[in-house]
Amino acid sequence: NHMNELEELYLTLADDRSRETLVGFLKGVRENDAEYFCRINGDSREKLLDPRILQYTDNEIFVDIGAFTGDTIREFLRLTGGKYRKITGIEADRKNFRVLQTNISEWKMQNISACEVAVGESDGVTCFVTDLSESSCRADSGNRQVEMRCLDTMEELQDLTFMKISTNGCDLKVLQGARNLILRNKPKISAYVSGALLWEIPKYLYGLVPEYKIYCRHYGTGVQAMICYAV
């Protein structure tokens with residue numbers, strides 16, 4: 001049903017591995033065969049952080065949107081050797097946020113902070129399903145209302161150079177709320193691209209910044225493990 005969008009994505013991708021990853025992923029979905037996913041998998045430790053694509057500098061200002069308990073921040077510290085300018089972890093789930101704060105304190109690293117809000121397409125309030133560990137997310141049926149901010153209005157984040165997004169399906173909304181920041185900073189971006197986001201997110205980013213190079217990588221054994229990188 002979406003062959004045109006998938007062909008457009010294929011032609012947009014920046015390297016052979018991205019094209020091979022996309023083809024292998026689609027074959028795995030079509031044939032319901034996890035062997036295809038195994039063939040295209042990357043190093044799971046580098047999920048959302050592939051250093052060969054992102055090519056970190058010592059001055060990265062990293063914003064982790066959907067930081068969970070800090071697992072991605074911990075890996076970012078490992079991959080960069082602890083050389084960075086600033087890190088901000090954003091997490092809306094109250095239990096995850098408490099653990100995130102504890103971990104940041106225990107790391108005893110400078111210029112790492114945490115922010116307890118949801119990130120989306122606008123400022124306001126949103127319903128949130130809480131206390132589900134990694135599955136916590138925005139949803140109309142949410143059991144809690146939380147503050148929501150868009151990146152374009154978060155003054156403390158306007159100098160970011162790299163954003164990672166893991167928001168259980170709201171990744172495009174996060175990017176829509178960062179339109180002006182993306183146009184101005186052209187930051188490195190990594191995001192999950194499940195379902196229609198597989199082509200919607202690359203199309204949105206490439207439309208904003210035509211000089212972006214778009215990459216796809218897969219980590220894991222299922223259909224929720226595709227990552228889009230834009231650099």
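Count residues from 1 along the sequence.
For the atom pair Cys170 SG and Gln176 CD, the distance stands at 10.5 Å (nearest 0.5 Å). With rounding to the nearest 0.5 Å, the separation of NE2 in His218 from SG in Cys38 is 9.0 Å. The line from CG of Leu54 to CD of Glu60 is 8.0 Å long, rounded to the nearest 0.5 Å. Atom-to-atom distance recorded for Arg39:CZ and Asn41:CG is 12.0 Å, nearest 0.5 angstrom. In this structure, OG1 in Thr80 is found 8.5 Å from CG in Asp58, a value given to the nearest 0.5 Å. Between Thr167 atom OG1 and Glu91 atom CD the span is 10.5 Å, to the nearest 0.5 Å.
In this model, a donor atom of one side chain and an acceptor atom of the other lie less than 3.5 Å apart for Glu31 and Tyr36. Checking Arg217 against Thr21 by side-chain atom types alone, no donor-acceptor pair falls below 3.5 Å.
Within the 4.5 Å cutoff, the side chain of Leu175 has heavy atoms near those of the Ile201 side chain. Residues Leu198 and Met226 have side chains in contact (heavy-atom distance under 4.5 Å, counting atoms from C-beta outward). Residues Leu77 and Ile87 have side chains in contact (heavy-atom distance under 4.5 Å, counting atoms from C-beta outward). Looking only at side-chain heavy atoms (C-beta outward), Leu157 and Ile90 come within less than 4.5 Å of each other. The side-chain heavy atoms of Thr12 and Pro202, taken from C-beta on, include no pair separated by under 4.5 Å. Annotation: side chain of Asn103 is in contact with side chain of Glu106 (closest heavy-atom distance under 4.5 Å). Using a 4.5 Å heavy-atom cutoff, the side chains of Glu200 and Glu5 are not in contact. Side-chain contact between Asp15 and Ile53 is absent, with no heavy-atom pair separated by less than 4.5 Å.
Closest of all the heavy-atom pairs between Arg144 and Ala92 is NH1-O, 3.6 Å. Taking each heavy atom of Asp171 and Asn168 in turn, the nearest pair found is OD1-N, 4.1 Å. When all heavy atoms of Leu13 and Cys216 are compared, the pair lying nearest together is CD2-SG, 3.7 Å.
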Inset, instruction - For the pair Leu9 and Lys203, evaluate side-chain contact (heavy atoms from CB on, under 4.5 Å) and give the outcome as yes or no after the intermediate values. - result: CA-CA 7 Å; Leu9 170 61; Lys203 183 175 182 178; over 6 Å; no
Inset, instruction - Might you work through the side-chain contact (heavy atoms from CB on, under 4.5 Å) test for Ile61 and Phe162, ending with a clear yes or no? - result: CA-CA 6 Å; Ile61 299 174; Phe162 169 38; over 6 Å; no
Inset, instruction - In sequence, state the C-alpha distance, the side-chain angles, and the governing distance for Tyr192 and Ile165, and then conclude on side-chain contact (heavy atoms from CB on, under 4.5 Å). - result: CA-CA 7 Å; Tyr192 280 103; Ile165 310 170; over 6 Å; no
Inset, instruction - For side-chain contact (heavy atoms from CB on, under 4.5 Å), just list the numbers for Ile73 and Phe68, CA-CA rounded to whole Å, side-chain angles, deciding distance to a tenth of an Å, and then say yes or no. - result: CA-CA 10 Å; Ile73 294 175; Phe68 187 42; over 6 Å; no
Legend entry - Verdict with reasoning, Tyr212 to Tyr206, per ring pair (Phe, Tyr, Trp, His ring centres under 6.0 Å): CA-CA 6 Å; Tyr212 264 145; Tyr206 193 68; 8.7 Å; no
Inset, instruction - Evaluate salt bridge (Lys or Arg N to Asp or Glu O under 4.0 Å) for Arg45 paired with Asp43, printing each intermediate quantity in order. - result: CA-CA 5 Å; Arg45 296 176 302 168; Asp43 185 341; 2.9 Å; yes
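Pairs engaging residues 93-102 under the salt bridge (charged side-chain N to carboxylate O under 4.0 Å, His left out) rule: Arg94-Asp131 [sequence neighbours left out]. For residues 153-163, the set of pairs meeting the salt bridge (charged side-chain N to carboxylate O under 4.0 Å, His left out) definition, not counting sequence neighbours, comprises Lys86-Asp159. For residues 61-75, the side-chain hydrogen bond (donor to acceptor under 3.5 Å, both in side chains) pairs, not counting sequence neighbours, are Asp64-Lys164, Glu75-Arg78.
With sequence neighbours left out, Glu46 forms a side chain to side chain donor-acceptor pair (under 3.5 Å) with Arg52. Under the side chain to side chain donor-acceptor pair (under 3.5 Å) criterion, Tyr229 pairs with Tyr219, sequence neighbours left out.
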Just distance, no hydrogens or angles: give the donor-acceptor pairs under 3.5 Å from side chains in residues 180-187, sequence neighbours left out.
| unit_1 | atom_1 | unit_2 | atom_2 | d |
| --- | --- | --- | --- | --- |
| Arg184 | NH2 | Gln158 | O | 3.4 |
| Arg184 | NH2 | Gln158 | OE1 | 2.6 |
| Asn185 | ND2 | Gln158 | O | 2.8 |
| Asn185 | ND2 | Leu160 | O | 3.1 |
| Lys186 | NZ | Leu183 | O | 3.1 |

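Other residues, nucleotides and ligands contribute only 12 or fewer heavy atoms inside 6.0 Å of the CD atom of Gln110. For Arg19, the CZ atom is densely surrounded, since the number of other residues' heavy atoms within 6.0 Å is greater than 12. Within a 6.0 Å radius of NZ in Lys47, no more than 12 heavy atoms belonging to other residues, nucleotides or ligands are found. Shown here is Asn111, whose CG atom has more than 12 heavy atoms of other residues, nucleotides or ligands within 6.0 Å.
Side-chain atoms of Ser105 do not come within 3.5 Å of backbone N or O of Gln101 as any donor-acceptor pair. Judged by distance alone, with hydrogens and angles left aside, the side-chain atoms of Glu147 form no donor-acceptor pair with the main-chain N or O of Val125 at under 3.5 Å. Side-chain atoms of Ser190 come within 3.5 Å of backbone N or O of Leu48 as a donor-acceptor pair. Remark: the backbone N or O of Cys150 is paired with a side-chain donor or acceptor of Asp123 at under 3.5 angstrom.
The only member of Thr57, Asn59, Ile112, Thr161 that meets side chain to side chain contact (heavy atoms under 4.5 Å, CB included) when paired with Tyr84 is Ile112.
Phe62 and Tyr56 have their aromatic ring centers separated by at least 6.0 angstrom. Checked against a 6.0 Å centroid threshold, the rings of Phe37 and Phe25 count as neighbours.
Using a cut-off of 4.0 Å between Lys/Arg side-chain N and Asp/Glu carboxylate O, Arg149 and Glu116 are scored as not salt-bridged.
Both Met163 and Leu205 belong to a single network of hydrophobic side chains, linked directly or stepwise wherever heavy atoms of I, L, V, M, F, W or Y lie under 4.5 Å apart. A single hydrophobic cluster is not seen to contain both Val99 and Trp107; linkage of ILVMFWY side chains at heavy-atom distances under 4.5 Å, directly or through other members, places them apart. Put simply, Trp199 and Met3 are part of two different groups of oily side chains (I, L, V, M, F, W, Y) that touch within less than 4.5 Å, one to the next.
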